Protein chains: 2
Amino acid sequence: MPGNDPVCTAPAGGPLPTAARGGPVSHALARVARMHRIAMGRRLRDLGLYPGQELMMMRLWDCGAVRQSELIQSLGLDPSTVTKMLQRMEQCGYVQRRPDPVDRRAVLVETTEKGQALRLGVEGAWSDLETATLAGLGEADRAELARLLGVLAENLAEEAGDEGACPPPPGAAC
Amino acid sequence: MPGNDPVCTAPAGGPLPTAARGGPVSHALARVARMHRIAMGRRLRDLGLYPGQELMMMRLWDCGAVRQSELIQSLGLDPSTVTKMLQRMEQCGYVQRRPDPVDRRAVLVETTEKGQALRLGVEGAWSDLETATLAGLGEADRAELARLLGVLAENLAEEAGDEGACPPPPGAAC
DNA sequence: CCCAATTAGTTGGCCGACCACATATTTGAT
DNA sequence: ATCAAATATGTGGTCGGCCAACTAATTGGG
């Protein structure tokens, strides 16, 4: 019966708990993603944003005034997450919300000037992190990595009710 | 005033906000990681765990009684995160905490029987998700992906105070 | 021997993110 | 026209995760 050797099963103090035996790639993926998020968080903090908010801003920069439901769908987030995030961002003066005149349920969201002012900083941070992340990889490796991540995304999308990307909505307002 | 083209700036309904132009790989990485975490979350919920707790349990399964500071370092988490997570897990009966007799500051943590009972389920979920994630990839592709993720991990590690993996502590209790 | 510096853990606060549930509005089928 | 279903949003609660500030115990000089 496997399970507990008195001598540690892991090779030698490596970062591989039992987990790694059943899913080394999953483990590495989670680790890398976490470090990536932290690194992005550092850059964003200097700009006055919290991780996650930069994606929201990018969507708003691209689309102008958008319905909240549009944001929910395009970011693939929970409605309540978006509501609360926007409430905070509004209080910080980055976005502005007003009722949609043609659908009294909906709320239209757009950036303020203060929000627009973040754009260069965020795009810089984003590409800066990309550079740092991919250091030492040639074009071929980068393309391969992108391809492989694409495969994982497809696999995981069909696994759980996806959203957040694939469906190119025909008459999208954006 | 820039910001709102009537025609969307993005190619064609694709999931690429402005972000993707400055960091396509970063974007894909974040997306994949998020879906992966959600997929893992689903599996864990059926077992009675929340995402993140499974890593804690794996460490405890591997190491027996451990100091809390050991967990903090090996998981690369904030001390307060670990404290609160362990408090909840203790209340759920998965782990047990007691003061370290040789260092009255420290706390020793170990799994309970109820915690041990989760092991098979967690390992199954973990490898099940690994399989689903890597569907359609051959051995070569998987190895390549692991290699590339390893490079990213190194890049991101030196970028921000790392922890969580690399240093093989000589006299590790584990 | 004693007091400063380090280390271990805790608490409170905040944010992203989820779920379950509640509310208003719009749409659709009868 | 009416009333049920679908849609759009908000509330409350819980968790993982971070930071900042705090307490308690151990270690190291002087």
Side-chain angles (χ1 to χ4, degrees), chain A residues 30-31 33-42 44-46 48-57 66-92 94 97-109 160-161 163-164 173, chain B residues 30-31 33-42 44-46 48-57 66-73 75-92 94 97-109 160-161 163-164:
Chain A
R31 231 174 73 76
R34 188 171 150 277
M35 292 190 292
H36 185 270
R37 186 183 181 82
I38 289 175
M40 191 56 178
R42 277 185 213 279
L44 288 174
R45 190 167 339 133
D46 300 337
L49 287 178
Y50 290 89
Q53 297 185 344
E54 88 276 17
L55 297 170
M56 178 78 75
M57 291 306 297
V66 204
R67 282 223 227 157
Q68 204 164 306
S69 61
E70 261 278 319
L71 295 170
I72 290 166
Q73 200 177 358
S74 63
L75 296 178
L77 294 173
D78 189 271
S80 64
T81 300
V82 171
T83 293
K84 290 166 189 169
M85 196 189 299
L86 285 175
Q87 285 172 348
R88 290 170 195 134
M89 293 172 77
E90 184 176 30
Q91 202 159 14
C92 289
Y94 296 138
R97 298 174 1 150
R98 64 182 143 84
D100 184 337
V102 308
D103 186 340
R104 289 192 306 184
R105 295 171 298 179
V107 173
L108 290 178
V109 188
E163 307 168 42
Chain B
R31 230 174 73 77
R34 190 173 148 277
M35 292 190 293
H36 184 270
R37 185 182 180 81
I38 289 175
M40 191 56 180
R42 279 185 213 280
L44 288 175
R45 189 162 344 130
D46 301 336
L49 287 178
Y50 289 89
Q53 298 184 343
E54 88 277 18
L55 297 170
M56 179 79 74
M57 291 308 296
V66 203
R67 281 225 228 156
Q68 203 164 305
S69 60
E70 261 278 318
L71 295 171
I72 290 167
Q73 200 177 0
L75 297 177
L77 294 173
D78 189 271
S80 64
T81 301
V82 171
T83 293
K84 290 168 190 168
M85 197 189 299
L86 285 175
Q87 285 173 347
R88 291 172 194 131
M89 293 172 76
E90 183 175 32
Q91 201 160 13
C92 288
Y94 296 138
R97 298 172 2 147
R98 65 182 143 83
D100 183 337
V102 309
D103 186 341
R104 289 192 305 182
R105 297 171 298 180
V107 173
L108 290 179
V109 188
E163 307 166 42

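Note that the structure is a prediction, hence the values are computed from the model and not measured. Chain identifiers are assigned alphabetically (A, B, ...) following the order of the sequence lines, protein sequences preceding nucleic acid strands; residue numbering begins at 1 within each chain.
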| query | Could one point to a donor on the side chain of A/Arg105 or the base of D/dT9 with an acceptor on the other under 3.5 Å away? | reply | no
| request: Send over the distance from B/Leu71 CG to C/dA8 C1', rounded to a whole Å. | output: 13 Å
| query | Under 4.0 Å: is that the gap between some side-chain N or O of A/Gln53 and OP1 or OP2 of C/dG16? | reply | yes
| said: Without decimals, in angstroms, what is the distance between B/Asp100 CG and C/dT7 P? | reply: 17 Å
| field | Options D/dC15, D/dC19, D/dG17, nucleotide nearest the side-chain atoms of B/Ser80 | value | D/dC19
| said: How many whole angstroms separate atom CE of A/Met40 from atom C1' of C/dC15? | reply: 16 Å
| query | Could one point to a donor on the side chain of A/Lys84 or the base of D/dG12 with an acceptor on the other under 3.5 Å away? | reply | yes
| field | Short side-chain N/O contact to C/dG9 OP1/OP2 from B/Gln87, under 4.0 Å | value | no
| task | Give the rounded distance in Å between these two atoms: CG of A/Asp78 and C1' of D/dG10. | result | 11 Å
| Base, sugar-phosphate, or nothing for A/Asp103, non-hydrogen atoms under 4.0 angstrom? | sugar-phosphate
| said: Quick check: any donor-acceptor pair below 3.5 Å linking the side-chain of A/Arg104 to the base of C/dT25? | reply: no
| task | Indicate, with a heavy-atom threshold strictly under 4.0 Å, whether A/Ser69 touches base, sugar-phosphate, or nothing. | result | sugar-phosphate
| task | Would you mind telling me which of D/dG17, D/dT9, C/dG9 lies closest to the side-chain atoms of A/Ala106? | result | D/dT9
| field | Phosphate OP1/OP2 of D/dC18 contacted by A/Arg34 side-chain N/O (<4.0 Å) | value | yes
| Side-chain heavy atoms of A/Arg97 within contact of A/Leu86, under 4.5 Å | yes
| request: Let me know, please, whether B/Pro79 or A/Met85 comes out on the 5' side of the other along DNA chain C by nearest nucleotide. | output: B/Pro79
| task | Begin from the C-alpha positions of A/Met56 and A/Val109 and carry the test side-chain contact (heavy atoms from CB on, under 4.5 Å) through to its verdict. | result | CA-CA 10 Å; A/Met56 178 78 75; A/Val109 188; over 6 Å; no
| said: Whether B/Thr81 contacts D/dC18 is assessed here as follows: a side-chain N or O lying under 4.0 Å from the phosphate OP1 or OP2. Is that the case? | reply: yes
| remark: When every non-hydrogen atom of B/Gly41 is compared with those of B/Pro51, the smallest separation belongs to CA-CG, 4.3 Å
| task | Would you give the length of the straight line joining atom CG of A/Leu55 to atom CG of A/Leu71, rounded to the nearest 0.5 angstrom? | result | 11.5 Å
| note | Assign each of A/Arg88 and B/Arg45 the nucleotide of DNA chain C bearing its closest heavy atom; nearer the 5' end lies the nucleotide of A/Arg88
| At under 4.0 Å, does any side-chain N or O of B/Gln68 touch on OP1 or OP2 of C/dT10? | yes
| task | Decide yes or no on side-chain contact (heavy atoms from CB on, under 4.5 Å) for B/Leu77 and A/Arg34, but give the supporting numbers first. | result | CA-CA 10 Å; B/Leu77 294 173; A/Arg34 188 171 150 277; 3.8 Å; yes
| request: Considering just the side-chain nitrogens and oxygens of A/Arg67, establish if one lies under 4.0 Å of OP1 or OP2 belonging to D/dT9. | output: no
